[in-house]
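Heads up, the thing below is written out as structure tokens.
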Amino acid sequence: MGILDALWSFVVNRREQLLVDSYLHVSAVVQSLLLATVIAVLVGILVYRSPLGSAAATATAGAILTVPSFALLGLLIPFLGLGVAPTIVALVLYALLPILRNTVLGLSAVDPAAVDAARGVGMGRWQLLTRIELPLAWPSILTGMRVSAQMIMGILALAAYAKGPGLGNLIFSGLARLGSPNAVPQALTGTILIVVLALALDGVLVLLGRFTISRGIRD
């Protein structure tokens with residue numbers, strides 16, 4: 001039996017479990033992405049007017065990104081145990097840099113003329129931020145979210161080391177059983193599904209941009 005036949009047979013026989021694992025994988029990524037977006041945008045709002053603050057914030061997020069996944073999970077396990085908690089915390093930390101950097105860039109790039117015009121009609125700081133600056137910075141923020149989503153979709157596979165949810169368990173189990181009949185199809189199935197889910201999530205974020213970014217800004 002060829003590898004494609006073995007792969008198809010594995011998918012058909014395990015389709016219910018694959019659906020569950022795929023759902024858990026996407027759920028963990030989406031939850032982590034939303035938490036990272038809230039944190040990164042809030043930090044970006046606080047520091048974007050300060051070159052020193054912006055540099056410090058992005059450098060800190062960048063330093064976190066350099067920590068190997070296994071090492072970060074290993075550091076979190078003694079405090080958070082195994083399972084979902086260390087996985088989500090690790091994914092949030094890894095997702096921060098692209099969103100934070102793009103938030104700072106987007107807010108800093110807002111046209112001063114638009115800000116002055118808004119102040120001229122009596123807008124306060126909060127109105128200026130929510131009605132002018134953040135909407136104009138949103139395309140940049142969304143781009144950061146797309147980068148982070150693709151990145152943590154793959155990183156989540158390594159969370160199987162910490163008994164995390166998702167398709168990583170399928171890949172690790174297959175690799176651990178190399179030589180047995182279903183080992184390669186199992187690892188390949190997990191890998192292919194992660195790629196498919198990453199592309200699907202990116203498509204959803206592109207559609208989100210279509211519905212939330214005004215045509216004037218897109219054009």
Side-chain angles (χ1 to χ4, degrees), residues 1-37 40 61 64-73 83-84 86-99 101-102 139-211:
M1 184 168 61
I3 185 64
L4 291 179
D5 291 335
L7 187 65
W8 177 250
S9 177
F10 181 84
V11 171
V12 170
N13 293 332
R14 305 287 183 90
R15 58 186 180 276
E16 293 183 2
Q17 186 59 47
L18 293 176
L19 286 173
V20 172
D21 288 341
S22 297
Y23 167 76
L24 293 174
H25 201 96
V26 171
S27 177
V29 168
V30 171
Q31 291 178 62
S32 302
L33 184 65
L34 292 176
L35 286 171
T37 300
I64 294 172
L65 199 58
T66 65
V67 179
S69 306
F70 283 119
L72 182 57
L73 288 168
V84 174
T87 299
I88 297 297
V89 171
L91 293 182
V92 169
L93 291 174
Y94 282 127
L96 286 176
L97 180 60
I99 305 171
R101 179 184 290 161
N102 280 37
S140 180
I141 295 171
L142 186 59
T143 298
M145 291 174 64
R146 290 177 63 190
V147 173
S148 290
Q150 299 301 295
M151 183 170 59
I152 64 176
M153 185 71 77
I155 291 174
L156 178 54
L158 299 176
Y161 166 72
K163 305 298 182 183
L167 294 162
N169 295 292
L170 195 67
I171 297 173
F172 270 59
S173 178
L175 293 177
R177 296 169 49 248
L178 283 178
S180 61
N182 284 330
V184 173
Q186 185 172 348
L188 276 177
T189 299
T191 303
I192 292 170
L193 284 175
I194 288 175
V195 173
V196 171
L197 292 176
L199 293 174
L201 181 56
D202 190 59
V204 170
L205 291 175
V206 170
L207 287 177
L208 177 63
R210 288 276 183 181
F211 287 109

Pairing residues for R101 by the salt bridge (charged side-chain N to carboxylate O under 4.0 Å, His left out) criterion, not counting sequence neighbours: none
Check whether any side-chain N or O of Y161 sits under 3.5 Å from a backbone N or O of F172 as a donor-acceptor pair, and report yes or no. no
What heavy-atom pair brings L193 and L18 nearest, and what distance separates the two atoms? CD1-CD2, 4.0 Å
Here the pair of heavy atoms bringing L73 nearest to P86 is CD2-O, 3.9 Å
Nearest-0.5 Å distance, CD of residue Q31 to CG of residue L33: 11.0 Å
Around atom OH of Y23, are there more than 12 heavy atoms from other residues, nucleotides or ligands closer than 6.0 Å? no
Looking at CG of L175 and OG1 of T191, how far apart are the two atoms once the value is rounded to the nearest 0.5 Å? 7.5 Å
Could you go through R146 and V206, starting from their C-alpha distance and side-chain angles, then the distance that decides it, and tell me whether this counts as side-chain contact (heavy atoms from CB on, under 4.5 Å)? CA-CA 8 Å; R146 290 177 63 190; V206 170; 3.5 Å; yes
Indicate the atoms forming the closest heavy-atom contact of L96 with A61, along with that distance. CB-CB, 4.4 Å
Minimum heavy-atom distance A183-G174, with the two atoms named: CB-O, 3.3 Å
Can you tell which of D202, L199, L197 makes a side-chain contact (heavy atoms from CB on, under 4.5 Å) with M153? L197
Distance, nearest 0.5 Å, that separates CG of D21 from CG of L167: 5.5 Å
Nearest 0.5 Å, what's the CD1-CD1 distance between I152 and I88? 8.0 Å
Distance (rounded to the nearest 0.5 Å) between L93 CG and I64 CD1: 5.0 Å
So which heavy atom on M151 is nearest to which on P98, and how close? CE-CG, 4.0 Å
As an exercise, state the distance from OG of S32 to OH of Y94, rounded to the nearest 0.5 Å. 12.5 Å
Locate the shortest heavy-atom distance separating A95 from S148; write the atom from each residue and the value. O-OG, 2.7 Å
Could you give me the CA-CA distance, side-chain angles and deciding distance for I171 and I194, then say whether side-chain contact (heavy atoms from CB on, under 4.5 Å) is met? CA-CA 10 Å; I171 297 173; I194 288 175; 3.7 Å; yes
Of all pairs that satisfy side chain to side chain donor-acceptor pair (under 3.5 Å), the ones with a partner from residues 166-176, not counting sequence neighbours: S173-Q186
